[in-house]
Number of protein chains: 2
Amino acid sequence: MTETLVPVFAALGDETRWSILSALGEGDASASALAGRLPVTRQAIAKHLGVLQEVGLVEPVRVGREVRYRVVGSELAATARRLDAVGALWDRRLAAIKEIAEGL
Amino acid sequence: MTETLVPVFAALGDETRWSILSALGEGDASASALAGRLPVTRQAIAKHLGVLQEVGLVEPVRVGREVRYRVVGSELAATARRLDAVGALWDRRLAAIKEIAEGL
DNA sequence: CGGATGTGCAACTCTAAGGTTGCATTAAGC
DNA sequence: GCTTAATGCAACCTTAGAGTTGCACATCCG
């Protein structure tokens with residue numbers, strides 16, 4: 001269940017990728033366009049877009065000779081749900097332990 | 001807003017740390033105890049517990065001469081909520097763009 | 001057609017992170 | 001008090017990844 005989850009978190013665990021996602025949040029853009037706004041090279045951005053695409057957080061769209069990228073918001077939401085599910089599991093266990101500890 | 005979020009994701013973006021969290025899910029345990037169950041050294045586990053504690057995902061509890069660690073489920077849930085909020089933002093923007101694109 | 005503009009691929013550097021071994025230290029327990 | 005088990009700290013190795021430069025290829029446009 002979590003084997004597909006971990007790479008998503010690894011992808012989200014990088015400051016630069018968040019700024020890319022944030023920039024894409026204001027409108028789809030190509031790697032070159034993003035390179036104009038961010039303090040890194042186009043190739044670095046291309047790599048980041050690669051890993052983001054790999055985990056389904058971003059989607060490429062060919063527009064003429066350029067490749068624009070779009071944020072896949074639903075993937076973010078899905079990840080949040082799965083994370084919440086795990087958290088709920090642990091909370092339930094903690095509650096159960098608490099009951100036991102209180103002598104119930 | 002996201003500056004405290006990224007390290008949490010970085011912490012969750014490691015397979016070993018998930019197995020530690022998973023093991024802790026079945027009951028609080030010390031680094032030495034975990035070393036018995038996982039295919040890594042106690043010191044490696046200690047480091048991982050350090051970064052997990054750093055981002056608030058885990059909490060140390062002294063029991064005699066040993067230090068047991070407990071999962072903080074609420075932090076997981078909080079992270080999930082924040083992530084969901086971001087996803088919702090992007091979804092809303094995408095919906096707005098779709099409306100515009102459809103000539104509304 | 002020819003020059004911009006945009007992508008893709010490859011090699012290279014450098015640092016941080018995961019992991020190890022080794023030793024010092026602290027605290028139970030007999 | 002002395003042994004034993006647990007933790008803490010430090011140095012070290014090794015690899016993955018973030019970033020760069022450089023060049024080749026494709027594609028739009030005047």
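Note that the structure is a prediction, hence the values are computed from the model and not measured. Throughout, protein chains are lettered first and strands after them, A, B, ... in sequence-line order, and every chain is numbered starting at 1.
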Enquirer: Give the minimum heavy-atom separation between A/Arg62 and A/Arg65, together with the two atoms involved.
Expert: NH2-O, 3.8 Å
Enquirer: To the nearest 0.5 Å, tell me how far B/Tyr69 OH sits from B/Leu34 CG.
Expert: 10.0 Å
Enquirer: Passes salt bridge (charged side-chain N to carboxylate O under 4.0 Å, His left out), B/Arg70 versus B/Glu75? Steps please.
Expert: CA-CA 12 Å; B/Arg70 171 195 327 178; B/Glu75 182 62 25; over 6 Å; no
Enquirer: Hey, what bend do you get for the helix from C/dC1-D/dG30 to C/dC30-D/dG1 if you fit axes on five pairs at each end, rounded to 10°?
Expert: 30°
Enquirer: Can you give each donor-acceptor pair under 3.5 Å made by side-chain atoms of residues 48-61 of chain A, sequence neighbours left out, with the distance rounded to 0.1 Å?
Expert:
unit_1, atom_1, unit_2, atom_2, d
A/His48, ND1, A/Arg17, NH1, 3.1

Enquirer: Nearest 0.5 Å please: distance from the CD atom of A/Gln43 over to the OG atom of A/Ser32.
Expert: 8.5 Å
Enquirer: Kindly compute the distance separating OG1 (A/Thr16) from CD1 (A/Ile45), expressed to the nearest 0.5 Å.
Expert: 9.0 Å
Enquirer: Let's go through B/Ile20 and B/Leu24 carefully: what are the C-alpha distance in whole Å and the side-chain angles of both, what is the deciding distance for side chain to side chain contact (heavy atoms under 4.5 Å, CB included) to 0.1 Å, and is it a yes or a no?
Expert: CA-CA 6 Å; B/Ile20 290 178; B/Leu24 287 182; 4.2 Å; yes
Enquirer: Contact between B/Val86 and A/Trp18 at the side-chain level, heavy atoms closer than 4.5 Å - yes or no?
Expert: yes
Enquirer: Are side-chain heavy atoms of A/Leu12 and A/Val8 found at a separation under 4.5 Å?
Expert: yes
Enquirer: Which residue pairs pass the salt bridge (charged side-chain N to carboxylate O under 4.0 Å, His left out) test with at least one member in residues 33-46 of chain A, sequence neighbours excluded?
Expert: A/Glu26-A/Arg37
Enquirer: Please enumerate all residues that pass side-chain contact (heavy atoms from CB on, under 4.5 Å) together with B/Ala33, with sequence neighbours excluded.
Expert: B/Ala29, B/Ser30
Enquirer: Return the set of residues passing side-chain contact (heavy atoms from CB on, under 4.5 Å) with B/Arg81 (not counting sequence neighbours), or none when no residue passes.
Expert: B/Ala77, B/Ala78
Enquirer: Students should find this one: the first and last nucleotides of DNA chain C, 5' to 3', lying under 4.0 Å from a heavy atom of chain A. What are they?
Expert: C/dA4 to C/dC9
Enquirer: Expected output is a numbered-order residue list: members of residues 53-60 of chain A with a heavy atom under 4.0 Å from any atom of DNA chain D. What is it?
Expert: none
Enquirer: Where along nucleotides 17-30 of chain D does protein come under 4.0 Å, by heavy atom, of base (B) or sugar-phosphate alone (S), with - for untouched nucleotides?
Expert: -SBBBB----BB--
